[in-house]
Amino acid sequence: MPDGTSVVAATAACVAAVLVAWQSWETRKSAGASQKAAEAAAAGLETANNALDVARREESHSRMLVSEAQRARIDAALPAISVLAARDVYWPPVTSSNLQSGSWTPCGEDESWSLPSDAGKALGVQGEIHFHNGSQKLVELRIDYTPADGGPRVFDDVVALEPGARARRQFLTWARIGEWAQADSEGWLNFEGRLPTVVYSDHLDSGVGVEWMFALGPAAPIYESDEREPGRYRLVTATPSPDRPQPPRPSLYVERERRSYWLDRLKGIELPAPGDAV
């Protein structure tokens with residue numbers, strides 16, 4: 001028979017085993033509860049983030065609706081102004097070998113230029129812009145342009161239109177032969193500051209400003225008409241050699257009509273334009 005010491009030791013071992021098992025079970029139970037709590041917290045955070053995103057979208061949509069309503073109110077008060085470009089430019093173009101003199105003469109039908117010797121000569125295209133005031137109040141437009149006969153560029157020339165009145169302005173835009181040749185090869189020329197710009201502003205505290213910008217294209221007025229003469233340019237009306245396509249005459253058109261809306265000009269509060277982020 002086991003002695004008393006053995007019994008006590010066995011009993012203590014059993015109790016210890018039970019305690020270890022109980023602690024292990026409690027630990028697993030606590031860990032499971034913690035995991036469930038963490039999962040619940042994560043789900044709650046995701047729900048909160050989703051709700052926040054919905055609230056932000058709704059707020060953005062509300063701001064957009066308010067901006068659209070404000071723009072519609074301002075547009076309703078905008079006078080009926082038409083600014084149109086006469087698509088057909090004057091032909092033939094004009095040329096100048098001395099820009100300082102401001103003297104421009106029409107090109108001959110068979111006129112030609114060779115690069116690089118003629119790269120610095122100027123070639124200008126003349127055109128016309130038409131204005132019409134279809135409203136019942138006086139309208140003033142401001143135009144920046146170079147006069148058709150050459151000379152310095154005119155800034156803030158005021159075109160005052162009585163109700164129902166029409167007006168027009170003739171202009172000149174020019175580039176050097178080297179630039180026109182580059183436009184012929186690349187299909188693009190930076191006309192910034194060369195073509196006219198027209199601006200209307202109602203000067204109201206809550207109002208609108210409109211800017212009309214023009215473009216000239218799709219081709220330059222000159223091209224290499226004969227493949228046997230590289231670097232020699234003629235007007236696009238010159239008949240090309242059999243293997244050369246003949247480009248069209250350049251045309252003038254309104255490239256963009258940009259509006260700026262003011263909720264409060266005095267305080268510098270500008271409304272976003274249509275399509276801008278709000």
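Across all non-hydrogen atoms, the minimal contact from C107 to E111 is CA-OE1, 3.2 Å. When all heavy atoms of L172 and G124 are compared, the closest pair comes out as CD1-CA, 3.7 Å. Nearest approach of A175 to W180, heavy atoms of both residues: O-NE1, 3.2 Å. Shortest non-hydrogen contact noted between P250 and A220 is CD-O, 4.2 Å. Residues V236 and P248 approach most closely at CG2-O, 4.0 Å, considering heavy atoms. For S241 against E227, the heavy-atom pair with the smallest separation is OG-N, 3.4 Å.
In this structure, T237 and P92 have side chains that are not in contact, with every pair of non-hydrogen atoms separated by 4.5 Å or more. Under the 4.5 Å side-chain criterion, counting only non-hydrogen atoms from C-beta, F214 is in contact with V198. No side-chain heavy atom of R249 sits less than 4.5 Å from a side-chain heavy atom of P221. For the pair I143 and F155, the minimum side-chain heavy-atom distance is 4.5 Å or more. Looking at heavy atoms from C-beta onward, P240 lies in side-chain contact with Y223 at the 4.5 angstrom threshold. Counting only heavy atoms from C-beta outward, the side chains of I222 and I177 approach each other to under 4.5 Å. The closest side-chain heavy-atom distance from D156 to D144 is below 4.5 Å. The side-chain heavy atoms of L235 and W113, taken from C-beta on, include a pair separated by under 4.5 Å.
Linking Ile, Leu, Val, Met, Phe, Trp and Tyr residues whenever their side-chain heavy atoms come within less than 4.5 Å leaves L195 and V199 in two separate clusters. Transitive grouping of hydrophobic side chains (ILVMFWY, heavy atoms separated by less than 4.5 Å) keeps Y145 and M213 in distinct clusters. In the hydrophobic cluster analysis, where Ile, Leu, Val, Met, Phe, Trp and Tyr join through side-chain heavy atoms closer than 4.5 angstrom, V208 is grouped together with V159. There is a path of hydrophobic side-chain contacts, each under 4.5 Å, that joins I129 to V254. Placement of L252 and V154 within a single hydrophobic cluster is found when ILVMFWY residues are connected by side-chain heavy-atom separations under 4.5 Å, directly or transitively.
Rounding to the nearest 0.5 Å gives a distance of 12.0 Å between OG of S112 and CD of E224. From E140, atom CD reaches atom OG of S201 across 10.5 Å, with rounding to the nearest 0.5 Å. The distance from the CD atom of Q182 to the CG atom of L115 is 11.0 Å, given to the nearest 0.5 Å.
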R169/F131 under side chain to side chain contact (heavy atoms under 4.5 Å, CB included): CA gap, chis, key distance, verdict:
CA-CA 8 Å; R169 284 291 187 276; F131 312 99; 3.8 Å; yes
List the steps and the verdict of side chain to side chain contact (heavy atoms under 4.5 Å, CB included) for W104 and D149.
CA-CA 7 Å; W104 294 83; D149 58 356; over 6 Å; no
Could you go step by step and tell me if R244 and R228 meet the side chain to side chain contact (heavy atoms under 4.5 Å, CB included) rule?
CA-CA 10 Å; R244 289 286 191 191; R228 297 164 299 182; over 6 Å; no
Show your working on side chain to side chain contact (heavy atoms under 4.5 Å, CB included) between W212 and L141 and close with a plain yes or no.
CA-CA 11 Å; W212 290 267; L141 302 172; 4.3 Å; yes
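Between the side chain of Q126 and the backbone N or O of A148, at least one donor-acceptor pair lies under 3.5 Å. A donor-acceptor contact shorter than 3.5 Å is absent between the side chain of T95 and the backbone of K121. Counting only distance, with no hydrogens or angles, the side chain of N133 and the backbone of L161 share a donor-acceptor pair below 3.5 Å.
Not counting sequence neighbours, the partners of R258 by the salt bridge (Lys or Arg N to Asp or Glu O under 4.0 Å) test are E211.
Heavy-atom neighbours of R168 CZ from other residues, nucleotides or ligands within 6.0 Å: at or below the threshold of 12.
By the 4.0 Å N-to-carboxylate-O rule, R176 lies too far from D118 to be salt-bridged with it. A salt bridge links E179 to R194: at least one charged side-chain nitrogen sits closer than 4.0 Å to a carboxylate oxygen. Between E257 and R259, at least one side-chain nitrogen of the basic residue sits less than 4.0 Å from a carboxylate oxygen of the acidic one, meeting the salt-bridge criterion.
A donor-acceptor pair shorter than 3.5 Å can be found between the side chains of R232 and S114.
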Show me the donor-acceptor pairs within less than 3.5 Å that the side chains of residues 80-90 make with the rest of the protein, sequence neighbours left out.
residue, atom, partner, partner atom, Å
Y90, OH, E128, OE1, 2.7
Y90, OH, Q170, NE2, 2.9

